Amino acid sequence: MRTNISLEEALDILLKENKQTEPIHVPLLDSLGSVLAEDIISDMNMPPFDKSPLDGYAVRAEDIQGASQEIPVTLQVIDFIPAGHVSSQKLEKGEAMRIMTGAKIPEGADVVVRFEDTEFTEKEVRIYTPLCSNSNISKLGEDMKIGDVVMKKGMLIDAPEVGILATLGKSFVQVYRKPRVAILSTGDELVDIQQVLTDGKIRNSNSYTIAAQIKKIGAKPLMLGICDDGIEAIKEKLKAALSWADIIITTGGVSVGDCDLVKEAFQQVGAEMLFWRVRMKPGTPIAVAKYENKLLFGLSGNPAAAYITFEQFVRPIVLKKMGREKYKLMKVESILESGFSKISNQNRFVRANTYYRDGKYYTQFPSKHSSGVLSSLSGTNSLFYIPAGTGPYKEGQKIIVQLLDYPEVLK
Ligand SMILES: Nc1nc2c(c(=O)[nH]1)N[C@H]1C(S)=C(S)[C@@H](COP(=O)(O)OP(=O)(O)OC[C@H]3O[C@@H](n4cnc5c(N)ncnc54)[C@H](O)[C@@H]3O)O[C@H]1N2
Ligand code: MOO
Ligand SMILES: [Mg+2]
């Protein structure tokens, strides 16, 4: 088993072992946040007819050529066309039709004059401005044409894509299945959050933090609850999860303690260890194994270590599994608002809050950094990566931060 490997090596191994999920059909709205598993080719022209982009009068450009403020042209109003209705008449010389935005242009008309350039009665309209043929007409197919590849396989479905699919009448769409991620927290000291705390016990927060991280990136969490530090108990939970999950995440029990049995349990259920321990802080003792197409992540029990290793390793794997091409966290250059004096002899991720002001990013740190401290992760949105042996970092110095979320704009 590989051990004490670099961050890059760990990610390379994971990306190599990772398999994409299969394409499935889902109802349109459920496709939000998924990746398209098919090209979308328009089978219609949009708009499907020449339509009016204004409320006004449909006329013949030829009839209003000489119109001006001083000498308006008067036309006979022969019909009224609200959106969704079609005139059964053909527009002839000297005629106009009152037309509403979104309505189909009647036969014979080649221009729409907006109300503001007219004066009208029920029977007549005076036009005060000339317009060229085809002015103020949304042409058939100007948005999408039959045969256009409007979206490509591999594209992330966001709100506009849902709208385009709706326009094309697709009530179901083919996407890569969202990965199913089972979460197990191990530890004799853990109790469920509804239970009473007794001496020596703490509540299981990791399962909830991780389920929230899973949900946030659009995958499906399954809470396996807690189990004690017994090898049989861990194996039983893992076996149950293997029949359902694409990924299993455990927390706790991966270091060198007498009760740290997760690696052993991975192997005893038939998984092959890929690596144990990565040269990073926090989260050093991360253990990863594979079982067929599935990956098993044994994350450190320390809450901040589990959170940060999830973002570094699980997040990209889950995103890639569901077909996302952009699975890496965004990095930006930021200015330190306060110094960071600690020199680390290990590669370290430091939780940070980065915000945006007047075209620049600025970064601040909370006062607590320990991998067992969860509270100071709240309000942070980024990680400052400090390579081993570098520092101290001074106030005003430019650094690179990884963004876990969009920074707030501070005026
Ligand atoms: N002799 C050594 N001891 C330790 C080393 C080492 O190198 N030599 N490494 C330390 C480091 S670094 C870490 S990180 C931890 C990792 O420990 P484990 O992954 O084995 O996790 P546990 O021992 O089970 O728990 C650690 C800590 O986290 C709390 N915890 C566990 N599960 C949860 C949960 N679901 N919700 C909230 N908190 C949880 C647990 O109570 C412990 O306090 O090992 C060091 N030791
Ligand atoms: O690797 Mo551990 O999470 O730093 O305490
Ligand atoms: Mg331990």
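Everything numeric in this text was worked out from a predicted model, so none of it was measured. All ligand and atom numbering here is 1-based and tracks the order in the structure.
A tilted orientation is assigned to the rings of Tyr385 and Phe349, their planes being inclined by 30° to 60°.
Backbone and side-chain nitrogen or oxygen atoms of Ile202 are examined, and none is located within less than 3.5 angstrom of a nitrogen or oxygen of ligand 1. Residue Gly283 has no N or O atom closer than 3.5 Å to an N or O atom of ligand 1. By the 3.5 Å distance cut-off applied to N or O atoms, Ser255 is counted among the residues near ligand 1. Residue-to-ligand polar distances keep Lys281 apart from ligand 1: every N/O pair is separated by 3.5 Å or more. For a threshold of 3.5 Å applied to N or O pairs, the pair formed by Ser371 and ligand 1 contains no separation below that value. Considering backbone and side-chain atoms alike, Asp260 places an N or O below 3.5 Å from some N or O of ligand 1. For ligand 1, the polar-atom distance check against Ala305 finds no nitrogen or oxygen pair separated by under 3.5 Å.
Within ligand 2, counting atoms from 1 as listed, the ones closer than 4.0 Å to a heavy atom of Gly283 are 1 (O), 2 (Mo), 3 (O), 4 (O). Below 4.0 Å from some heavy atom of Ser185 lie the following atoms of ligand 1, by number and element: 35 (N). Interface of Gly253 with ligand 1, defined as ligand atoms under 4.0 Å from a residue heavy atom, comprises 18 (P), 19 (O), 20 (O), 21 (O), 22 (P), 24 (O). Counting the atoms of ligand 2 from 1 in the order shown, those under 4.0 Å from a heavy atom of Ala305 are 3 (O). Near Thr251, meaning under 4.0 Å from one of its heavy atoms, ligand 1 places the atoms 35 (N). With ligand atoms numbered from 1 in the order given, ligand 2 contributes 1 (O) to contacts under 4.0 Å with heavy atoms of Thr284. For ligand 2, the atoms closer than 4.0 angstrom to any heavy atom of Pro282 are 1 (O), 3 (O), 4 (O). Taking every non-hydrogen atom of Pro285 and a distance limit under 4.0 Å, the qualifying atoms of ligand 2 come out as 1 (O). Within ligand 1, the atoms closer than 4.0 Å to a non-hydrogen atom of Ser205 are 36 (N), 37 (C), numbered from 1 in the order shown.
If you look at Ser371 next to ligand 2, the close heavy atoms, those under 4.0 Å, all belong to the side chain. Contacts with ligand 1 closer than 4.0 Å are made by no heavy atom of Asp229, backbone or side chain. Using a 4.0 Å cut-off between heavy atoms, Asn302 contacts ligand 2 through its side chain alone, with no backbone atom that close. The side chain of Val256, and not its backbone, has at least one atom closer than 4.0 Å to an atom of ligand 1 (non-hydrogen atoms only; side chain from C-beta on).
Aromatic rings from Phe340 and Phe365 are positioned such that their centres are separated by under 6.0 Å. Ring centroids of Phe120 and Phe115 are separated by less than 6.0 Å, placing the two rings close together.
Residue Gly187 places no heavy atom under 4.0 Å from ligand 1. Residue contact annotation: Pro285 has a non-hydrogen atom under 4.0 Å from ligand 1.
Asp117 contributes no side-chain N or O that, together with a main-chain N or O of Tyr128, makes up a donor-acceptor pair within less than 3.5 Å.
Across all their heavy atoms, Lys178 and Leu32 have their closest contact at NZ-O, 3.4 Å.
Look at Lys139 and Asp50 and you find a salt bridge, because one of the NZ, NE, NH1 or NH2 atoms lies within 4.0 Å of a carboxylate O, short of that distance.
Among Gly252, Cys259, Gly301, the residue whose heavy atom lies nearest to atom 30 (N) of ligand 1 is Gly301. If you check each of Ile226, Thr209, Asn302 against atom 26 (C) of ligand 1, the one with the closest non-hydrogen atom is Asn302.
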